[in-house]
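Keep in mind it's a predicted model, so treat the numbers as computed, not measured. Sequential numbering from 1 along the given sequence is applied to the chain's residues. Values below: every heavy atom of this structure, side chains too, minus hydrogens, waters and symmetry copies. Counting convention: from 1, in listed order, for ligands and their atoms alike.
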Amino acid sequence: MNLQISSAFLMTSYFTTVTTATVTGYLYVIGSGFVGEYLFKPFVEDTSVSRSAITLMEFFPPFSLYRIIYELSPPPATGFYSDFSGVQLGDLSNPENGILVLLIIMVLEWATFLFLTLYWDEFGCLQNVMRSRQALQKPSTQPQKCEASIEIDRTDIMREREIVDRFLQQPDNSYSIIIDNIRKVYPPKDGNAEKVAVKGFSLAIQRGKCFGLLGSNGAGKTSLISMLTGFTKPTSGTAYIDGLDIRRDMSEIYTRIGVCPQFNLLWETLTGREHLMFYGRLKRLNGAALIEAAEQSLKVLRIFEGGVADTFVSQYSGGMKRRLSVAISLIGDPKVVYLDEPSSGLDPASRNALWNAIKFAKKDRAIVLTTHSMEEAEALCDRIGISAYGRLRCTGTSKELKAKYGGTFVFTVTAAAGEDEAVEQLVRSISPTAKRTYHIAGTQKFEMPKHGVKISEVFRAMEQAKGSLNIVAWGLVDTTLEDVFIKVAKESEKCPD
Ligand SMILES: Nc1ncnc2c1ncn2[C@@H]1O[C@H](COP(=O)(O)OP(=O)(O)OP(=O)(O)O)[C@@H](O)[C@H]1O
């Protein structure tokens, strides 16, 4: 059985998708049973077939398993209720049953398969190193023609690249995550063309900081996190986590990271506490420290009251499962934590508890958080990056991004029917370059450049206008992160590559 397991390990090196591996595994197990019964058994029972030929066949693991089961079973002629007493130690020297040779073959193959598995894993990494070196030689970070024409300022992206280059020349342990021109291409599948999900991403994240990765659906956020956490391999480029290279040192990296995936990966038949104890042990916690860490996580993420910590996960609500996933990612003091849309499906109270836990967890570790909630990004992240079409488009603090991409106020006015033109003239008198972005049933929205507009003047003009116009409501708001996000996404649409 150990030989079958080690050969299964070896076979995993050749598969990249779970579905193919599962189907092949089933076919292999069922097929090898049939082949053993109908092909190998007649040879074993036919005394005219040379024993050396049989031994040779036994190098095929299913045949050796079949042979040993065959030898350990009572002879069919005598049946189960005979006086057959099984194979004794003394029988090992009997050349007729060939068990001794069989055991030697199995032990040798077991060790060889395990060694080969390790070798292929390493060799695979070496191939990646070679591939990424080739990729590095290409000037992929040069701004492209198209990018020069769009309104997105690339200086922050260039600055990230400079930090990464500096790190590569002289590693600096103040950065927990360095992503070096990483790229992910999914091969063609089901008649669809290949998909470039991540197009040369470079980023540097300091210890103690939370980086928020925003992006529309399909922007490549999950693909990026999958590469950083070892779920998939980069097509080219690499990343350094706590100074360790994801191409070579993934097993060491696993002990230093925590991951909350986009979809909960939990066992329905384990309790919340058992999950935390299990993952805590993987992070090398044990004894009192493990029990304490699990208890603490359960309390902080509110999976504790009413004995819920010791209830099977199958009885948890969606929000509780999500909080447990976050608790798992934080147990064992990981130096880098990835949170992929951690608050999806949480009610406001649970979300607040989660945010507090993340704010607390930020100290002394780097967090990468992907989210579709601008509010969450503003509440938790020290820096924010917006990605679109697999490329990082801009980075900065929420304030910097708003200042850079949202130099406008949004002015909304609702007036009585027939007064739209007069309202528009009024707005133009406050800000001649105001741009109307929305107009429906008496409600108009204008973007006003911030320079040249004084908020006090807007108030005064609107108060005066109330005498001559029937203004129902009006409002002036500063640019939000959402406005920035929409603007960057729109600009990126013009130049997806
Ligand atoms: N295994 C895969 N095979 C082929 N294409 C894939 C695979 N996984 C993702 N993609 C494609 O890669 C692109 C990026 O997907 P990804 O899931 O990384 O985006 P995302 O930013 O996480 O999106 P969301 O916000 O919806 O989770 C998408 O166009 C997606 O269809």
Side-chain angles (χ1 to χ4, degrees), residues 12 14-24 124 128 152 157 177 179 181-203 205 210-239 246 257 259-265 318 321-322 325-326 329 337-346 351 367-378 380-381 383-395 481-482 484-493 495-497:
T12 57
Y14 296 94
F15 291 98
T16 49
T17 64
V18 177
T19 324
T20 326
T22 311
V23 171
T24 314
N128 282 344
I152 298 174
I157 302 296
I177 304 175
I179 303 175
N181 201 17
I182 210 165
R183 194 175 151 81
K184 180 72 194 175
V185 183
Y186 292 108
K189 199 174 152 190
D190 303 331
N192 295 317
E194 69 170 23
K195 174 80 198 172
V196 188
V198 180
K199 299 171 184 165
F201 221 94
S202 294
L203 189 65
I205 303 172
C210 177
F211 184 84
L213 187 57
L214 306 181
S216 40
N217 294 124
K221 305 179 296 293
T222 302
S223 301
L224 177 71
I225 290 194
S226 298
M227 288 188 280
L228 298 181
T229 51
F231 280 118
T232 55
K233 289 193 169 166
T235 307
S236 64
T238 189
I246 59 165
I257 62 172
V259 185
C260 168
Q262 193 172 10
F263 302 104
N264 304 314
L265 297 173
K321 286 183 183 167
R322 204 72 200 124
S325 296
V326 174
S329 72
V337 177
Y338 304 97
L339 303 172
D340 198 354
E341 297 179 29
S343 64
S344 59
L346 290 190
R351 200 186 53 184
I367 296 182
V368 178
L369 180 139
T370 76
T371 181
H372 288 296
S373 157
M374 304 297 138
E375 195 190 349
E376 181 165 273
E378 288 202 277
L380 297 177
C381 302
R383 274 199 316 143
I384 292 167
I386 301 179
S387 70
Y389 300 99
R391 214 177 262 289
L392 187 62
R393 305 287 167 166
C394 56
T395 66
L481 194 55
E482 195 168 313
V484 174
F485 179 87
I486 292 169
K487 184 165 185 179
V488 172
K490 265 193 186 160
E491 288 301 327
S492 305
E493 251 172 47
C495 183
D497 292 322

Enclosure of E482 CD (heavy-atom neighbours >12, cutoff 6.0 Å):
no
A student checking ligand 1 against A197 at a 4.0 Å heavy-atom cut-off should list atoms 12 (O), 13 (C), 14 (C)
Atom 16 (P) of ligand 1 sits nearest the protein heavy atom S223 OG, 3.7 Å
A student checking ligand 1 against K195 at a 4.0 Å heavy-atom cut-off should list atoms 11 (C), 12 (O), 13 (C), 29 (O)
Within 4.0 Å of some non-hydrogen atom of E341, the atoms of ligand 1 are 25 (O), 27 (O)
Residues I246 and L228: closest non-hydrogen pair is CG2-O, 4.0 Å
Short check: is a protein heavy atom less than 4.0 Å from atom 14 (C) of ligand 1?
yes
Ligand 1 to Q262, heavy atom cutoff 4.0 Å, flagged ligand atoms 27 (O)
Side chains of S202 and N181: donor-acceptor distance under 3.5 Å anywhere?
no
Honestly, for K221 the part within reach of ligand 1 (heavy atoms, under 4.0 Å) is both
Is it the case that E376 and T371 place a side-chain donor and acceptor less than 3.5 Å from each other? yes
For T222, the ligand 1 atoms with a heavy-atom partner under 4.0 Å come out as 17 (O), 18 (O), 20 (P), 22 (O), 27 (O)
If we number the atoms of ligand 1 from 1 as shown, the ones under 4.0 Å from a heavy atom of H372 are 25 (O)
(request) Verify side chain to side chain contact (heavy atoms under 4.5 Å, CB included) between K221 and S387, making sure each step is shown before the conclusion. (result) CA-CA 8 Å; K221 305 179 296 293; S387 70; 4.1 Å; yes
Closest heavy-atom pair, M227 versus R183, reported as atoms and distance to 0.1 Å, is SD-O, 3.9 Å
*Mark whether atom 21 (O) of ligand 1 lies under 4.0 angstrom from at least one protein heavy atom.*
yes
Worksheet item: Would one find an N or O of A219, backbone or side chain, under 3.5 Å from an N or O of ligand 1?
Response: yes
Self-check item: Test item: side-chain donor near acceptor, T232 and Y186, under 3.5 Å
Solution: no
Item to check | Donor on one side chain, acceptor on other, T370 and E341, under 3.5 Å | outcome: no
The closest protein heavy-atom partner of atom 9 (C) of ligand 1 is Y186 CE1, 3.5 Å
closest protein heavy atom to atom 23 (O) of ligand 1 is G218 N, 2.9 Å
Do V196 and K184 have side chains that approach each other closer than 4.5 Å (heavy atoms only, starting at C-beta)? no
